[in-house]
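Encoded as structure tokens, the structure appears first; notes follow it.
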Amino acid sequence: MKKFFREFKTFALRGNVMDMAVGVLIGGAFSGIVTSLTDNFINPIINVVTGAAKYTWTDIAGFASAFVSAVVNFFIIAIILFCLLKGINKMLTIGRKKEAAAPVTKKCPYCMTEIDINATRCPHCTSQLDNSIQE
């Protein structure tokens with residue numbers, strides 16, 4: 001049973017699974033914005049243009065507040081997801097050893113100053129360098 005949970009944890013916390021979950025949740029929240037835009041702006045404009053309905057200022061304010069509410073809900077969901085993923089990523093890095101970065105400098109064997117690793121000539125003593133020398 002422990003092996004099952006370990007394998008499930010490895011699967012669930014893999015990057016592509018987390019990305020897919022975030023995409024589904026953000027997509028659902030964004031569909032709320034699209035639905036609100038259609039219901040609260042596009043349909044009333046079509047109704048006014050075709051003469052099917054007349055709206056008061058109160059109705060218009062209600063449409064605007066419903067749309068703003070949908071946008072705020074989207075941003076709240078996005079912020080919560082961001083914070084959750086940031087916390088999950090932080091927990092996954094706990095206990096992991098940092099990998100050593102590739103060296104970007106080497107020492108000139110003649111004057112012992114640090115120079116770029118790709119240098120073929122020392123800028124300080126102008127000695128021709130063998131590119132196989134790296135420290």
Side-chain angles (χ1 to χ4, degrees):
M1 196 65 163
K2 287 182 181 181
K3 182 180 177 186
F4 174 78
F5 284 121
R6 191 174 337 122
E7 289 175 357
F8 179 74
K9 177 184 167 191
T10 303
F11 166 77
L13 296 179
R14 219 177 335 174
N16 54 358
V17 175
M18 298 300 286
D19 293 342
M20 184 181 68
V22 169
V24 168
L25 291 171
I26 291 290
F30 191 73
S31 72
I33 291 177
V34 173
T35 302
S36 179
L37 178 69
T38 304
D39 293 344
N40 296 311
F41 281 107
I42 296 173
N43 286 345
I45 290 172
I46 291 172
N47 288 339
V48 168
V49 169
T50 61
K54 294 186 179 190
Y55 298 108
T56 63
W57 287 108
T58 306
D59 295 333
I60 294 170
F63 293 148
S65 70
F67 179 73
V68 169
S69 175
V71 171
V72 168
N73 287 340
F74 172 80
F75 283 115
I76 289 172
I77 290 172
I79 288 170
I80 290 171
L81 282 174
F82 173 76
C83 292
L84 282 173
L85 285 177
K86 194 167 174 87
I88 288 172
N89 288 337
K90 184 69 172 178
M91 284 186 349
L92 289 176
T93 60
I94 293 175
R96 225 184 248 176
K97 294 180 181 177
K98 293 184 179 180
E99 296 178 15
V104 293
T105 61
K106 61 183 176 181
K107 286 190 177 184
C108 173
Y110 304 103
C111 67
M112 301 306 285
T113 58
E114 284 198 13
I115 56 174
D116 188 77
I117 196 142
N118 296 323
T120 57
R121 187 174 291 273
C122 179
H124 303 285
C125 67
T126 67
S127 299
Q128 187 72 29
L129 301 173
D130 179 18
N131 278 340
S132 66
I133 301 172
Q134 294 180 4
E135 291 184 17

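One-based numbering along the sequence shown.
- Remark: side-chain polar atoms of T38 are paired, donor with acceptor, to backbone N or O of V34 under 3.5 angstrom.
- Remark: the backbone N or O of K86 is not paired with any side-chain donor or acceptor of N89 at under 3.5 angstrom.
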- [ ] Quick one: do C111 and S127 satisfy side-chain contact (heavy atoms from CB on, under 4.5 Å)? Show the steps, please.
- [x] CA-CA 9 Å; C111 67; S127 299; over 6 Å; no
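- Transitive grouping of hydrophobic side chains (ILVMFWY, heavy atoms separated by less than 4.5 Å) keeps I33 and F63 in distinct clusters.
- With values rounded to the nearest 0.5 angstrom, I77 atom CD1 is found 13.0 Å from F30 atom CZ.
- In this structure, the ring of F67 has its center less than 6.0 angstrom from the ring center of F41.
- Under the 4.5 Å side-chain heavy-atom criterion for ILVMFWY residues, no single connected hydrophobic cluster contains both L37 and I45.
- Taking a 6.0 Å sphere around CZ of F82, one finds it holds 12 or fewer heavy atoms contributed by other residues, nucleotides or ligands.
- Separation of atoms CD1 (I79) and CG (L84) is listed at 12.0 Å; rounding is to 0.5 Å.
- At least one donor-acceptor pair closer than 3.5 Å links the side chain of K106 to the backbone N or O of A119.
- The main-chain N or O of G32 is never found under 3.5 Å from a side-chain atom of S36 such that the two would form a donor-acceptor pair.
- Cluster membership check: V68 does not share its hydrophobic cluster with V71, using side-chain heavy-atom separations under 4.5 Å among Ile, Leu, Val, Met, Phe, Trp and Tyr.
- I76 places a side-chain heavy atom less than 4.5 Å from the side chain of I80.
- Checked by atom type and distance alone, the side chain of R121 pairs as donor or acceptor with a backbone atom of T126 at under 3.5 Å.
- Distance CD/E114 to SG/C108: 11.5 Å, rounded to 0.5 Å.
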Open item on the list: For a side-chain contact (heavy atoms from CB on, under 4.5 Å) check, start with the C-alpha distance between L85 and M18, then their side-chain angles and the critical distance, and finish with the verdict.
Closed with: CA-CA 8 Å; L85 285 177; M18 298 300 286; 3.4 Å; yes
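- Scanning both residues, H124 and T113, for their nearest heavy atoms gives CD2-OG1, 3.0 Å.
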- [ ] Applying side-chain contact (heavy atoms from CB on, under 4.5 Å), run through T105 and D116 and close with a yes or a no.
- [x] CA-CA 5 Å; T105 61; D116 188 77; 5.9 Å; no
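- Under the 4.5 Å side-chain contact rule for hydrophobic residues, I42 and V49 do not share a cluster.
- Between P44 and Y55 the shortest side-chain heavy-atom distance falls below 4.5 Å.
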Open item on the list: Pair L129, I115 - check side-chain contact (heavy atoms from CB on, under 4.5 Å), show working.
Closed with: CA-CA 11 Å; L129 301 173; I115 56 174; 3.0 Å; yes
